[in-house]
2 protein chains.
Amino acid sequence: MAKELKDLTKRSENYSQWYNDLVVKADLAEQSAVRGCMVIKPYGYAIWEKMQQELDRMFKETGHQNAYFPLLIPKSFLSREADHVEGFAKECAVVTHYRLKNAEDGSGVVVDPAARLEEELIIRPTSETIIWNTYRNWIHSYRDLPILINQWANVMRWEMRTRMFLRTAEFLWQEGHTAHATEQEAWEEARRMLDIYAEFAEKYMAVPVIKGVKSANERFAGAIETLCIEAMMQDGKALQAGTSHFLGQNFAKAFDVTYVNKNNQPEYVWATSWGVSTRLMGALIMTHSDDNGLVLPPHLAPIQVVIVPIYKNDDQKSVIADAVAPIVKELRAMGVSVKFDDADNKRPGFKFADYELKGVPVRLAIGARDIENGTVEVMRRDTLEKHETSLEGIAQYCKDLLEDIQNNIFKKALDHRASLTRTVDTYEEFKEEIEKGGFILAHWDGTTETEEKIKEETKATIRCIPFEGDKTPGVCMVTGKPSAQRVIFARNY
Amino acid sequence: MAKELKDLTKRSENYSQWYNDLVVKADLAEQSAVRGCMVIKPYGYAIWEKMQQELDRMFKETGHQNAYFPLLIPKSFLSREADHVEGFAKECAVVTHYRLKNAEDGSGVVVDPAARLEEELIIRPTSETIIWNTYRNWIHSYRDLPILINQWANVMRWEMRTRMFLRTAEFLWQEGHTAHATEQEAWEEARRMLDIYAEFAEKYMAVPVIKGVKSANERFAGAIETLCIEAMMQDGKALQAGTSHFLGQNFAKAFDVTYVNKNNQPEYVWATSWGVSTRLMGALIMTHSDDNGLVLPPHLAPIQVVIVPIYKNDDQKSVIADAVAPIVKELRAMGVSVKFDDADNKRPGFKFADYELKGVPVRLAIGARDIENGTVEVMRRDTLEKHETSLEGIAQYCKDLLEDIQNNIFKKALDHRASLTRTVDTYEEFKEEIEKGGFILAHWDGTTETEEKIKEETKATIRCIPFEGDKTPGVCMVTGKPSAQRVIFARNY
């Protein structure tokens with residue numbers, strides 16, 4: 001067994017350490033020399049690229065276009081929207097100078113005090129302000145609407161506690177920013193994008209999510225309502241996987257963006273914004289992986305099938321290579337990403353452990369005897385089950401198996417979530433149950449005070465007011481006041 | 001004729017103004033509220049995305065992988081390589097604080113002096129330093145080499161004079177950073193990537209380029225040698241379209257990156273870096289476009305064929321739509337990007353002018369009479385020639401025409417370059433000729449002094465010492481000292 005694999009902490013011992021180990025050992029990312037910023041390594045980035053491709057396609061199919069807005073935002077822009085500045089000013093990177101100069105003592109370079117900016121610039125924590133300042137010049141009439149734009153970009157939030165992928169100072173994301181003539185259209189857009197996120201999470205990441213709306217406390221700074229998808233990790237903690245904001249006319253008013261409607265009257269423009277980030281990588285890792293390493297959903301795995309030849313000499317190697325070549329070709333023609341790893345400098349056992357660690361969904365091992373018998377050994381990463389099958393039709397077999405794995409890990413995650421989702425009616429019971437992890441469905445009186453009391457006493461927050469499920473009214477488990485429906489409580493990442 | 005089109009400055013009147021007008025009017029980009037930073041609008045970004053796709057494919061086909069490194073670089077990293085800091089410290093954005101706070105007078109937010117960073121961070125102007133600091137931990141043995149990594153990112157250089165796409169404070173680019181065991185391998189890599197850039201420029205952008213090496217004066221700060229591709233714009237000025245640097249062991253030494261070779265001896269690692277940026281958009285625009293607007297090479301045009309129906313009533317519109325549907329389908333099946341613009345709110349004349357402005361390579365106009373006659377009007381954007389052809393086989397006809405346009409605009413640019421490339425032998429002649437624009441092939445003694453004298457007196461720089469062409473030695477046109485070969489002089493962007 002490879003050394004890297006042996007060193008992986010077990011989930012049961014320390015889930016948090018297992019995650020950190022896995023991110024590093026599976027070559028996904030590592031800490032950089034800059035506090036809170038990570039290096040995304042090629043294997044991690046390849047998974048992110050697959051996510052990007054699918055999301056980008058889904059955005060374009062729903063009429064969105066990509067564009068690019070500046071990294072830096074004038075400090076004064078932040079203050080235009082009262083909640084927005086409150087939410088972001090306290091953790092932003094501030095550019096104050098535009099030049100360094102040689103230190104007089106020859107010790108390197110220092111900030112040149114003569115090159116101080118008149119107005120400081122902040123590195124975007126999100127781009128509503130710079131984008132709505134731009135939209136003012138783009139929007140005049142109802143004919144200019146809607147504007148459906150997305151941006152793939154890096155953003156920065158000076159978080160104090162960081163964890164790779166889950167919470168980093170700099171992260172990669174996409175941010176959609178749309179402008180609409182009517183409130184209804186904007187609402188429909190916010191909801192449409194939430195549905196796209198949910199579809200992506202479930203169909204590609206194989207991560208089941210609950211769609212809902214955030215409480216005021218958890219709302220995006222500057223939004224009227226924040227919609228979200230919430231996922232449950234293996235340790236029972238919740239992870240917010242994506243948000244879609246109905247911004248109302250807040251940013252239009254802050255940046256004076258009006259349009260002339262069909263009745264020739266000026267009106268403020270309605271807005272949405274929505275985003276998912278490299279945080280999704282964290283969700284992907286923590287939903288499916290095990291003590292042997294990553295388990296990747298086939299729809300996002302950079303390598304879907306790996307073929308490892310088992311040979312004792314060059315003759316055998318050559319016989320196997322000849323037999324494998326048409327299989328590789330057939331798999332590629334089917335759109336399956338396949339790697340034939342015939343490197344001589346690593347033993348099969350090392351390769352097996354390494355591909356397990358990296359989460360490759362299907363592994364074929366094939367020796368000279370297999371060729372003679374027309375067989376091949378198949379290992380599926382999700383269950384680690386091995387079996388022998390016929391070489392004939394192996395490409396189609398792999399393709400079907402990949403779909404089976406995709407469905408299986410989704411179902412496993414769904415079952416896990418169901419097993420850790422409970423309904424409680426009293427606060428006493430809630431306090432007991434929350435210690436066991438998972439989602440708790442409970443009644444809440446709708447006030448921030450009660451939500452904060454619960455958070456203080458139990459570390460649980462309201463993950464969302466779910467759109468689907470039981471809508472029966474009741475009474476708040478804490479105050480006994482009326483509650484419109486049960487909401488989802490959990491501890492969260 | 002559409003208003004936007006009429007307002008476009010003519011090249012003969014003011015080439016520079018024509019360029020600025022065109023960038024804005026064709027909806028490619030606009031200035032932002034942040035000095036020197038632009039907004040890349042959806043149409044401009046769509047062209048950049050096509051460039052990215054092709055380049056990314058070419059990089060991956062040659063064994064490179066993408067990764068992502070931090071935006072911010074500790075100030076001290078810059079100083080590690082003496083030439084590098086000299087080249088970049090004087091124009092960089094410096095992050096000094098990580099928090100804003102409410103101003104005491106209620107006037108918004110101000111920098112919080114309590115949140116000053118211990119060490120300032122600079123926004124990457126290029127990533128050699130942060131990447132080589134990372135590579136130190138990745139490279140131990142010759143088995144870890146080569147490392148072939150590329151990054152798609154934004155970078156920032158605080159340029160004093162900016163022009164959209166050509167020179168902006170923030171720009172988008174890719175930067176390759178490779179690590180090798182031997183000098184020869186690193187040289188081969190630097191040269192391979194230069195060839196890829198040249199192939200991309202010529203086959204996709206239809207921009208002919210000259211490959212060569214930079215003089216010491218124009219070398220990348222920290223490189224041993226800088227290779228480049230140089231293009232000629234319509235006004236005869238040169239534009240550096242891409243660079244590939246042989247970095248020797250400079251960064252390995254600066255960041256102490258060694259490996260153990262096959263003989264078990266430690267050695268410093270050899271490096272290259274190479275990049276192209278959104279500057280290519282400027283080259284694309286200035287090489288092909290005309291007084292009617294953009295001319296886009298078909299291989300990079302977001303819309304390759306536009307079909308405009310000409311109708312007087314809904315019946316005609318419907319007949320045309322029925323006839324066009326299978327053509328659209330057939331074109332798409334051929335991989336041709338096609339738009340059928342049947343919007344009612346714009347007249348055909350407006351649409352024609354708009355698609356000319358946007359550089360759509362092929363326009364089909366089709367009326368009810370055409371359907372009866374089985375004909376269609378074809379306009380090719382490069383020559384603005386219109387003619388009638390048969391509707392039968394129109395999809396294949398368009399596909400062939402696109403290739404013809406691609407070849408034609410390349411040839412046109414090549415002929416233009418040839419017509420503005422001259423050989424001179426005396427400095428007097430040189431001073432006369434340089435005023436007329438274009439490339440001047442002349443002998444130079446190889447010294448920085450002479451190069452700088454020429455630059456001061458004529459504003460011309462050495463664009464490159466070309467790899468191909470006449471290699472006959474001679475004497476420097478200024479000093480009479482020996483010259484190994486003619487070099488290319490030009491004024492440049």
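First the proteins, then the strands, lettered A, B, ... as listed; each starts at 1. Scope of the values below: all heavy atoms of this structure, side chains included, with no hydrogens, waters or symmetry mates.
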CA sep, side-chain torsions, deciding dist, call: Arg35(A), Glu119(B), salt bridge (charged side-chain N to carboxylate O under 4.0 Å, His left out)
CA-CA 11 Å; Arg35(A) 205 197 64 83; Glu119(B) 180 181 4; over 6 Å; no
Check against side-chain contact (heavy atoms from CB on, under 4.5 Å), Leu71(A) and Leu71(B)
CA-CA 11 Å; Leu71(A) 170 72; Leu71(B) 170 72; 4.1 Å; yes
Go through the steps for Cys92(A) and Leu100(B) under the test side-chain contact (heavy atoms from CB on, under 4.5 Å), then give the verdict.
CA-CA 7 Å; Cys92(A) 62; Leu100(B) 298 173; 3.8 Å; yes
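Heavy atoms of other residues, nucleotides or ligands lying less than 6.0 angstrom from CZ of Arg161(B) number 12 at most. Environment of CZ in Arg347(A): sparse, with no more than 12 heavy atoms of neighbouring residues, nucleotides or ligands closer than 6.0 Å. Atom CD of Glu61(B) sits in a crowded spot, with more than 12 heavy atoms from other residues, nucleotides or ligands closer than 6.0 Å.
Considering only heavy atoms from C-beta on, Phe69(A) stays 4.5 Å or farther from Met38(B) through its side chain. Looking at Glu30(B) and Thr134(A), their side chains come closer than 4.5 Å, going by heavy atoms from C-beta outward. Side-chain contact between Tyr98(A) and Val94(B) is absent, with no heavy atoms from C-beta onward closer than 4.5 Å.
Scanning residues 149-156 of chain B against chain A with a 4.5 Å heavy-atom cutoff picks out Ile149(B), Asn154(B), Met156(B), ordered by number.
Residue Ile131(B): no heavy atom, backbone or side chain, is found under 4.5 Å from chain A. The part of Trp138(B) that comes within reach of chain A is its side chain, from C-beta onward, which places non-hydrogen atoms under 4.5 angstrom from that chain. For Lys101(B), no part lies near chain A; criterion is any non-hydrogen pair under 4.5 Å. With a threshold of 4.5 angstrom between heavy atoms, Leu78(B) approaches chain A through side-chain atoms but not through N, CA, C or O. If you measure heavy-atom distances from Asp56(B) to chain A, the contacts under 4.5 Å come from the side chain alone. Proximity to chain A (any heavy atom under 4.5 Å) is shown, for Phe88(B), by neither the backbone nor the side chain. Heavy atoms of Val34(B) lying under 4.5 Å from chain A belong exclusively to its side chain.
Panel note: side chain Gln65(A), backbone Tyr43(B); no donor-acceptor pair is recorded below 3.5 Å. Here the side chain of Lys90(A) pairs no donor or acceptor atom with the backbone of Arg99(B) at under 3.5 angstrom.
Looking only at heavy-atom pairs under 4.5 Å with chain A, the residue among Ser76(B), Pro42(B), Cys37(B), Ala46(B) that has the most is Pro42(B). Comparing Asn133(A), Ile73(A), Val111(A) by heavy-atom pairs within less than 4.5 Å of chain B, the highest count is held by Val111(A). Put simply, of Pro70(B), Ala33(B), Ser79(B), the one with the most heavy-atom pairs under 4.5 Å next to chain A is Pro70(B). In terms of non-hydrogen atom pairs under 4.5 Å with chain A, the most contact-rich of Glu120(B), His97(B), Glu91(B) is His97(B). Top candidate by heavy-atom pairs under 4.5 Å with chain A, chosen from Glu86(B), Arg143(B), Lys60(B), is Lys60(B). Listed options Ala93(A), Pro74(A), Ala169(A), Ala29(A) were ranked by heavy-atom pairs under 4.5 angstrom with chain B; first place goes to Ala93(A).
Taken from CG in Leu117(B) to CH2 in Trp158(A), the straight-line distance is 5.0 Å, to the nearest 0.5 Å. Between atom OH of residue Tyr68(B) and atom OG1 of residue Thr278(A) there is a gap of 9.5 Å, rounded to the nearest 0.5 Å. For the atom pair CD1 of Ile123(A) and CG of Leu72(B), the computed distance is 4.5 Å after rounding to the nearest 0.5 Å.
Nearest heavy-atom pair, Glu49(A) versus Asn66(B), reported as atom, atom and distance to 0.1 Å: OE2-ND2, 2.6 Å. Between Ala89(B) and Val109(A), the shortest heavy-atom contact is CB-CG1, 4.1 Å.
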